[in-house]
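Have a look at the structure below before the remarks.
From a predicted model like this one, the values you see are computed outputs, not experimental measurements.
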Amino acid sequence: MLLTSFIKNNKERLTLGLKKRGFKELDLLDKVVEWNDERKRLQQESDELQANMNRASKSIGGLMKQGKKEEAEKAKGDVAEWKKTLADLKPRLEKVKEDLENGLLNIPNCPHESVPAGQDEEDNEVFRAWDKPFPELGENKLPHWELAEKYDIMSLKLGSKITGAGFPVYKGKGAKLQRALIAFFLDEADKAGYTEYIPPHMVNEASARGTGQLPDKEGQMYHATEDNLYLIPTAEVPITNIYRDVILDEKDFPIKMTGYTPCFRREAGSYGAHVRGLNRVHQFDKVEIVRLEHPEKSYEALDEMLEHVAGLLDKLELPYRILRLCGGDLGFTSALTFDFEVFSAAQERWLEVSSVSNFETFQSNRLKLRYRDANNKKHLAHTLNGSALALARIFASILENHQTAEGIRIPKALQPYTRFDLID
RNA sequence: GGAGAAGUGGCAGAGCGGUUGAAUGCACCGGUCUUGAAAACCGGCAUAGUCGAGAGGCUAUCGGGGGUUCGAAUCCCUCCUUCUCCGCCA
């Protein structure tokens with residue numbers, strides 16, 4: 001959520017940015033500013049009435065003690081009058097506050113100036129291309145869903161029996177590979193200075209609001225209605241919310257957190273050939289990295305995160321490229337996002353395995369996550385996060401890219417974790 | 001799930017219908033003293049909104065929401081959380 005003051009003072013920049021996103025309701029910007037002015041006006045009026053009432057009420061106590069009954073009664077009458085006026089005012093104030101809030105909730109983040117204009121993924125800019133050769137797999141190459149069956153290491157059929165479509169079951173060396181990847185990613189994050197968390201896998205409404213899943217992406221999350229809890233779609237939600245309503249000290253930065261969690265996504269309406277196998281599932285594992293940063297340092301941090309993720313893919317010996325998302329493909333809450341795509345050699349297509357974003361103050365405004373500067377002034381912190389990495393697709397691309405006639409080759413860096421070097 | 005108790009500032013802890021945004025202590029920050037530190041003493045120290053150039057003023061907030069009252073941290077209702085006991089249980 002943007003600050004009203006930002007909208008008011010950066011109208012040109014914001015309009016330009018939102019156009020890059022293809023955001024149509026630009027008149028919302030003016031409306032929000034108007035609503036805010038109206039809110040202030042009504043607020044002042046109401047404060048004044050309350051001040052009158054408080055003053056009169058206070059005096060009544062004294063008057064009663066002095067036995068000035070009549071004067072006290074008169075004051076009571078005054079208060080009753082003001083109270084009536086206030087009762088008229090209150091609903092109008094509430095209404096305009098609600099309009100303002102809804103308006104703000106519907107304005108996406110202002111894209112960073114480096115974000116290219118564009119409609120969809122076709123227009124994303126290749127920020128770093130893969131300049132080495134792709135794996136030579138030969139004629140007998142198989143997609144991961146066939147490899148999984150061949151080596152009996154993962155089954156979607158079994159998952160659909162137990163739960164439903166899109167819930168994979170990992171087995172034997174497949175399960176071990178999965179566990180090894182999680183441990184590997186967490187160790188790498190640890191080495192890079194991220195503090196590990198194991199957060200709850202369900203969150204309440206306030207948390208889902210804090211990171212912006214609600215009210216926007218209601219349909220994407222599994223909702224346990226009985227208890228009004230949501231299964232997390234990413235560890236970003238519980239981990240970032242650790243710092244909801246927190247005022248940091250400037251010297252607390254940077255705050256670097258990581259955590260492994262399963263992620264649950266309803267993915268309503270996305271079926272078809274392109275979502276076969278592990279390409280898109282309802283439950284997958286992910287190690288997330290989250291950072292809270294001083295506004296002046298957040299883009300530096302974003303670069304660092306980018307290199308961290310790149311390093312992981314290098315160690316897994318997977319061909320990948322980095323995209324700078326265009327305005328149209330950029331998430332609602334993000335100012336700048338880089339996607340990592342691994343080339344899945346057997347499917348001959350790129351699969352998104354990580355997304356690294358800077359939200360600037362868009363989330364922290366909602367979270368009320370602030371810091372005090374040297375002069376004790378409070379400011380919103382910047383939040384960032386990235387997948388490091390998302391597992392189902394990494395699992396798939398390891399299978400596909402490292403398949404050989406003898407079996408699936410485990411990359412060197414991972415072998416200490418799997419304690420085998422081949423799946424056969 | 002059942003029965004009780006409690007939720008007040010960073011922490012501890014008073015207040016239990018009127019000038020209390022909230023005593024006191026600790027922590028923290030600034031100062032005096034000291035070669036330096038400690039102790040002692042003095043001063044400061046919540047969040048948000050709003051008005052104001054500023055000093056400062058006003059409003060709201062004592063777990064959340066609602067109510068009673070001229071007036072609520074204090075009374076009532078409701079929800080949430082924590083603790084104790086019982087039941088169930090990995």
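- Within the 4.0 Å cut-off from OP1 or OP2 of G71(B), at least one side-chain nitrogen or oxygen of Lys83(A) is found.
- For Lys58(A), counting side-chain heavy atoms from C-beta on, the closest listed nucleotide (U19(B), C70(B), A46(B)) is U19(B).
- Separation of the C1' atoms belonging to U47(B) and U8(B) is 15 Å when rounded to the nearest angstrom.
- Across the C1' atoms, A27(B) and C16(B) are found 28 Å apart, a figure rounded to whole Å.
- When both pairing distances are held under 3.5 Å, G9(B) makes no Watson-Crick or G-U pair with any nucleotide shown.
- Atom CD of Glu196(A) has more than 12 heavy atoms from other residues, nucleotides or ligands within 6.0 Å.
- Using Watson-Crick or G-U wobble geometry with both donor-acceptor distances under 3.5 Å, A90(B) finds no partner in any strand shown.
- Distance, Gln43(A) CD to G57(B) P: 19 Å, rounded to whole Å.
- Straight-line distance between the P atoms of C76(B) and G7(B): roughly 13 Å, to the nearest whole Å.
- Ring pair Phe127(A)/Phe338(A) is tilted by interplanar angle, where 30° to 60° counts as tilted.
- The nearest heavy atom of RNA chain B to Lys378(A) and to Lys76(A) marks one nucleotide each, and the one closer to the 5' end goes with Lys378(A).
- Summarising the geometry, the separation between CG on Leu42(A) and C1' on G49(B) is reported as 14 Å, rounded to the nearest angstrom.
- Each of Asn109(A), Thr337(A), Asn385(A), Thr383(A) was evaluated against Ser357(A); a single residue qualifies, Thr337(A), per the side-chain hydrogen bond (donor to acceptor under 3.5 Å, both in side chains) test.
- Using P as the reference atom, G13(B) and A6(B) are 14 Å apart when rounded to the nearest Å.
- OP1 or OP2 of U50(B) sits under 4.0 Å from a side-chain N or O of Arg39(A).
- Atom P of G30(B) sits at a distance of 12 Å from the matching atom of A37(B), rounded to the whole Å.
- If you measure from atom CD of Glu205(A) to atom C1' of G65(B), you get 14 Å, rounded to the nearest angstrom.
- In this structure, of U69(B), G18(B), C51(B), it is C51(B) that holds the atom nearest to the side chain of Lys40(A).
- Comparing the same atom, C1', in U24(B) and in U84(B) gives a spacing of 29 Å after rounding to whole Å.
- Using the six-membered ring where Trp is involved, His294(A) and Tyr371(A) have ring planes that are tilted, between 30° and 60° apart.
- OP1 or OP2 of A48(B) has not a single side-chain nitrogen or oxygen of Lys368(A) nearer than 4.0 Å.
- Pairing of U69(B), defined by two Watson-Crick or G-U wobble distances under 3.5 Å, is not identified with any nucleotide.
- Ala56(A) comes within 4.0 angstrom of nothing in the nucleic acid, heavy atoms only.
- In this model, the phosphate group of U59(B) is approached by a side-chain N or O of Asn54(A) to a distance below 4.0 Å at OP1 or OP2.
- When distances run from any side-chain atom of Gln44(A) to the nucleotides U69(B), U59(B), U50(B), the shortest one goes to U50(B).
- In this structure, the side chain of Lys58(A) does not engage the main chain of Met53(A) through any donor-acceptor pair within 3.5 Å.
- Nucleotide G4(B) has C83(B) as its partner under the Watson-Crick or G-U criteria, with both atom distances under 3.5 Å.
- As a whole-Å value, the separation of Asp245(A) CG from G63(B) P is 16 Å.
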Test salt bridge (Lys or Arg N to Asp or Glu O under 4.0 Å) on Asp99(A) and Arg39(A) and set out the steps. CA-CA 10 Å; Asp99(A) 288 345; Arg39(A) 193 208 99 233; over 6 Å; no
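- Look at CG on Leu367(A): it is 17 Å from C1' on U47(B), rounded to the nearest Å.
- One atom, CD of Glu101(A), and another, C1' of G49(B), lie 14 Å apart when rounded to the nearest Å.
- Shown here, A14(B) forms no base pair; nothing in the strands shown gives a Watson-Crick or G-U wobble contact with both key distances under 3.5 Å.
- Pair assignment for G52(B) gives none, since no Watson-Crick or G-U wobble pairing has each distance under 3.5 Å.
- Using the Watson-Crick or G-U wobble rule with both distances under 3.5 Å, U19(B) pairs with nothing in any strand shown.
- Comparing atom distances between the Gln50(A) side chain and each of A60(B), G49(B), C70(B) picks out A60(B) as nearest.
- When distances run from any side-chain atom of Arg370(A) to the nucleotides C70(B), U47(B), U59(B), the shortest one goes to U47(B).
- Taking atom NZ of residue Lys84(A) and atom P of nucleotide C70(B), one finds them 13 Å apart after rounding to whole Å.
- Of the nucleotides present, U47(B) is the one that pairs with A60(B) by Watson-Crick or G-U wobble criteria, both distances under 3.5 Å.
- Using a distance-only test at 3.5 Å, with no hydrogens or angles considered, a donor-acceptor pair links the side chain of His112(A) to the main chain of Ser114(A).
- Rounded to the nearest Å, the gap between the P atom of A60(B) and that of G67(B) is 15 Å.
- Remark: Arg41(A) is not in phosphate contact with G49(B), judged by side-chain N or O atoms under 4.0 Å from OP1 or OP2.
- For the C1' atom pair drawn from G17(B) and C89(B), the interatomic distance equals 47 Å after rounding to whole Å.
- Atom CD of Glu38(A) and atom C1' of G49(B) are 16 Å apart (whole Å).
- Closest contact between the side chain of Ala51(A) and the listed nucleotides U59(B), C70(B), U47(B) involves U59(B).
- To the nearest 0.5 angstrom, Thr240(A) atom OG1 is 11.5 Å from Ile255(A) atom CD1.
- Toward the 5′ end of RNA chain B lies the nearest nucleotide of Asn36(A), the other residue of the pair Asn52(A) and Asn36(A) mapping further downstream.
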